[in-house]
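Below: one structure, written as structure tokens.
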Amino acid sequence: MLFPRKQISTVLNWTIWEHLTEELWAMKLGLKLLQERAKVGSFWWPYISNLPETYTVPIFFSGEDIKNLQYAPLLYQVNKRCRFLLEFEQEVKNVLKNLKPSEHPLGGQDVDASSLGWAMSAVSSRAFRLYGKKLPNGTHSDIPMMLPLIDMCNHSFNPNARILQEQDAGNPKMLIKVVAEREIKQSDPLLLNYGCLSNDFFLLDYGFVIPSNPYDHIELKYDGALMDAASMAAGVSSPNFSSPAPWQQEILFQLNLDGEVPNLKVTIGGPELVEGRLLAALRVLLSNDREMVQRYDLSVLKSLSAEGPLGVANEVAAFRTIIALCVIAVGHFPTKIMDDESLLKQGVSVSTELAIQFRMQKKSVIIDVMRDLTKRVKLLLSKETTTA
């Protein structure tokens, strides 16, 4: 195993270290990687020397290719990482310039945003979070590590191998194995599941996009005016998203879509198809029957499998509103899927291709949700007609 994070606090002084939050664990481990790369005779040099010189993650994209992503939540994350690297470069340089050569943790080598980005990308694309020390409550802390063996394994949602971590009570060193889950033929790739992640994470941290990713989704901001516009576009009468009744507002508060510090980010797509909080909010706000709504627990109102708990008309109105939201969302992309396919056929750079593939998959997620909900609407209406 390579580079347990607990050893890294000696890389730079604590003034720098304490600014790196848990969210930036890849940079913490990346500092250790830079230290080992600069160390003469490092035990890990054979491994480090075989790491890629460049990575296909968006922080290394050109400005034009970052724009080509066309998806605001990912653009925000890319810009956030780039700003961090530029600011952290200055912090590191300010610390290192006052050190004696013998105290320099990186062997006197200069550190800039590019090398910091390289180190962070090397870690994010290769490190796994494994069990650390056992905590008093019986759970384990996690500890990110770079494991050379795992570098040989690719990602798949249908893996043929898994990571097995053992710990001998009498031996503080952890034993990490990659164990075959089924027979693997010679020359077949070793496949691990990196995690049930959206394409945002796969592209940001690993530099690739998964076609037809079942865990991919799009983010929307829950906004009363937007919901009103969507419901009216869907032909839903008397929408009241901007001015909910007090009892409806109380339910929005329970869903954390209202209050002092609400979480207004909701998702469409992925295993849920529609995030439960959004579905519950639509069902409640499209109903005027307080007593009927209060018969149901929030878990039922949030469930897509609970078919029309507030009636067929309410369910159809909710689904049509979500379909209209999808139309609005896909309309925010400057290009259509056909345009993207045409661009790919022309031959483009690797980063441009990744950006186009990413935005195509996001549009596909939206279209798939629209198709699914349209089928559900037709089925509900056909059942109602049959019953009548």
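Numbers here simply count residues along the sequence, with the first being 1. It should be emphasised that the depicted structure is a prediction, and the values quoted were computed from it without experimental measurement.
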Starting from [Y], can I reach [X] by hopping between I/L/V/M/F/W/Y residues whose side chains sit under 4.5 Å apart?
X    : Y    : answer
M360 : V369 : no
F61  : L344 : no
L85  : L33  : yes
I251 : F253 : no
V123 : F43  : yes

Please round to the nearest 0.5 Å and tell me the distance separating atom [atom1] of [X] and atom [atom2] of [Y].
X    : Y    : atom1 : atom2 : value
K362 : I337 : NZ    : CD1   : 13.0 Å
R283 : K302 : CZ    : NZ    : 12.0 Å
Q70  : H332 : CD    : NE2   : 12.5 Å
E36  : L106 : CD    : CG    : 11.0 Å
S351 : I356 : OG    : CD1   : 9.5 Å
K221 : L264 : NZ    : CG    : 6.0 Å

Taking all heavy atoms of [X] and all of [Y], pick out the closest pair and write down the distance.
X    : Y    : answer
N68  : D65  : ND2-OD1, 2.9 Å
A122 : Y55  : CB-OH, 3.2 Å
Y71  : D200 : CE2-OD2, 3.2 Å
V348 : L343 : CG1-O, 3.7 Å
T374 : M370 : OG1-O, 2.6 Å
P309 : L301 : CG-CD2, 4.3 Å

How about [X] and [Y]: do any of their side-chain heavy atoms sit closer than 4.5 Å?
X    : Y    : result
L51  : R126 : yes
L286 : R320 : no
Y222 : L278 : yes
L273 : L279 : no
V57  : M120 : no
L116 : L31  : yes
L192 : H155 : no
L285 : L252 : yes

Legend entry - Worked check of side-chain contact (heavy atoms from CB on, under 4.5 Å) between T54 and F60: CA-CA 8 Å; T54 59; F60 293 117; over 6 Å; no

Would you find a donor on one side and an acceptor on the other, under 3.5 Å apart, between the side chain of [X] and the backbone of [Y]?
X    : Y    : value
D216 : N199 : yes
D368 : V365 : no
R277 : K265 : yes
S382 : L379 : yes
S231 : T321 : no
D112 : S115 : yes
W118 : P52  : yes

Legend entry - Identified ring-ring contact (aromatic ring centres under 6.0 Å, His included) counterpart of Y194 within the set F157, F201, Y206: Y206

Inset, instruction - Using the salt bridge (charged side-chain N to carboxylate O under 4.0 Å, His left out) rule, take R81 and D205 through it: C-alpha gap first, then chi angles, then the decisive distance, then the call. - result: CA-CA 11 Å; R81 292 190 181 196; D205 289 337; 2.9 Å; yes

Legend entry - side-chain contact (heavy atoms from CB on, under 4.5 Å) between M146 and Y47, worked out: CA-CA 10 Å; M146 294 183 71; Y47 169 68; 3.5 Å; yes

Legend entry - Ion pair check, E89 and K93, cut-off under 4.0 Å: yes

Legend entry - Salt-bridge criterion met for E291 and R295 (N-O under 4.0 Å): no

Legend entry - Single hit among Q346, M338, K345 for side-chain contact (heavy atoms from CB on, under 4.5 Å) with S342: Q346

Inset, instruction - Kindly determine whether I268 and I366 satisfy side-chain contact (heavy atoms from CB on, under 4.5 Å), including the steps that lead there. - result: CA-CA 7 Å; I268 290 176; I366 300 171; over 6 Å; no

Inset, instruction - May I have the step-by-step check of side-chain contact (heavy atoms from CB on, under 4.5 Å) for R37 and L34, ending in yes or no? - result: CA-CA 5 Å; R37 188 176 70 165; L34 288 176; 3.5 Å; yes

Legend entry - Q361 vs Q357, side chain to side chain donor-acceptor pair (under 3.5 Å): CA-CA, chis, key distance, verdict: CA-CA 6 Å; Q361 292 304 314; Q357 287 176 343; over 6 Å; no

Is it true that the side chains of [X] and [Y] contain a donor and an acceptor less than 3.5 Å apart?
X    : Y    : value
N263 : N256 : no
D297 : S299 : yes
T335 : D340 : yes

Legend entry - Q294 atom CD, over 12 foreign heavy atoms within 6.0 Å: yes

